[in-house]
Amino acid sequence: AQRVTQPEKLLSVFKGAPVELKCNYSYSGSPELFWYVQYSRQRLQLLLRHISRESIKGFTADLNKGETSFHLKKPFAQEEDSAMYYCALPMDSNYQLIWGAGTKLIIKP
Amino acid sequence: DGGITQSPKYLFRKEGQNVTLSCEQNLNHDAMYWYRQDPGQGLRLIYYSQIVNDFQKGDIAEGYSVSREKKESFPLTVTSAQKNPTAFYLCASNIPPGQRSGANVLTFGAGSRLTVL
């Protein structure tokens, strides 16, 4: 069965430190994975998708098929990165997404 | 200014009452979704609709109902049968016509917070 796991409910790092939000998935084919972000008092929005291979707000995410992971990374965290982050995987059968439980990222000054 | 509008933003309900949450989009998206967001549980799908006059149950449809009479609108009714309705509800849409690569990129509304008194 398709599944997305975000093992950390809460991640707290100091400003300027590297940050890595973990996402592991179970899927037999070639997945299309997403990271969505929800800043305080803002709408949930797409942060990045792996097929774009782009860096958004300094964040990157590399698909590792061997480890079935799609971890979100940023070398130097900023206070404005504090938010709730969700990893998501589309289901095979329709347009639905399977969501991880989310990781709350807190950047300490 | 295209987007998704959810109303009301806050809603209080007495036990035993049905309430309806509104979701309207002007993005010309085919598919619309209702999610429930609870702390530590991520987003759980309540109902979704891929086309007008058709909708399917998601993972936690019990105690909820929807309709899709117009492409732009996908209201959610939280019925008295829903045992734990206090939550934050999110509406979303996706799949712009003619842009298959846009599938799975969801646009979300600002949410509605329902509290049962």
Side-chain angles (χ1 to χ4, degrees), chain A residues 1-11 21-25 27 29-54 56 63 70 83-106, chain B residues 1-7 9-10 23 25 27 29-51 54-61 74 87-97 99-113:
Chain A
Q2 293 174 259
R3 186 182 302 136
V4 175
T5 303
Q6 292 180 250
E8 303 143 327
K9 287 187 177 180
L10 175 65
L11 182 62
L21 293 94
K22 292 183 167 57
C23 172
N24 290 92
Y25 66 90
Y27 182 70
S30 294
E32 180 186 10
L33 285 147
F34 299 82
W35 277 101
Y36 281 79
V37 61
Q38 189 174 30
Y39 300 102
S40 178
R41 297 187 180 85
Q42 293 189 30
R43 302 179 182 216
L44 189 61
Q45 59 187 287
L46 178 70
L47 178 62
L48 56 81
R49 53 195 302 191
H50 94 274
I51 61 172
S52 300
R53 296 186 177 276
E54 55 190 348
I56 304 294
L63 179 64
F70 188 56
M84 194 75 185
Y85 291 81
Y86 293 96
C87 184
L89 170 72
M91 291 181 70
D92 274 339
S93 55
N94 52 41
Y95 299 140
Q96 293 182 60
L97 289 173
I98 299 171
W99 296 85
T103 298
K104 184 173 184 178
L105 177 63
I106 297 175
Chain B
D1 185 25
I4 297 181
T5 302
Q6 288 187 240
S7 62
K9 191 173 181 179
Y10 299 97
C23 178
Q25 55 102 355
L27 300 165
H29 284 175
D30 296 312
M32 297 186 73
Y33 307 78
W34 274 105
Y35 288 96
R36 173 174 169 147
Q37 187 179 30
D38 296 285
Q41 297 196 51
L43 275 68
R44 292 184 291 169
L45 184 64
I46 305 172
Y47 268 98
Y48 67 101
S49 168
Q50 294 182 352
I51 196 169
D54 187 48
F55 48 83
Q56 286 78 40
K57 293 182 178 180
D59 300 319
I60 55 166
F74 191 42
F88 190 60
Y89 292 89
L90 285 171
C91 180
S93 70
N94 71 351
I95 317 175
Q99 298 180 35
R100 184 61 182 88
S101 63
N104 300 324
V105 179
L106 290 168
T107 299
F108 284 88
S112 294
R113 185 167 297 280

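Chain letters run A, B, ... following the sequence lines, proteins first, then strands; residues in each count from 1.
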Legend entry - Gap between atom CD of A/Gln45 and atom CG of B/Leu106 - 0.5 Å precision: 13.0 Å
Legend entry - chain A contact via B/Gln56 - side chain, backbone, both or neither, heavy atoms under 4.5 Å: neither
Inset, instruction - Measure across B/Phe108 and A/Arg43 and return the closest heavy-atom pair with its distance rounded to 0.1 Å. - result: O-NH1, 3.2 Å
Legend entry - Heavy-atom neighbours of B/Ile51 CD1 exceed 12 at 6.0 Å: no
Inset, instruction - State which residues pass side chain to side chain contact (heavy atoms under 4.5 Å, CB included) with A/Thr103; sequence neighbours excluded, sorted by chain then number. - result: A/Gln6, A/Glu8, A/Leu11, A/Leu21
Legend entry - Sidechain-backbone polar pair: A/Arg49 side chain, B/Val105 backbone, donor-acceptor under 3.5 Å: no
Inset, instruction - Only one of A/Ile98, A/Leu97, A/Leu44 passes side chain to side chain contact (heavy atoms under 4.5 Å, CB included) with B/Leu43; say which it is. - result: A/Leu44
Legend entry - Non-neighbouring partners of B/Asp59 that pass side chain to side chain contact (heavy atoms under 4.5 Å, CB included), sequence neighbours left out: B/Leu45
Legend entry - Top of B/Pro39, B/Gly111, B/Gly109 for chain A proximity - count of heavy-atom pairs under 4.5 angstrom: B/Gly109
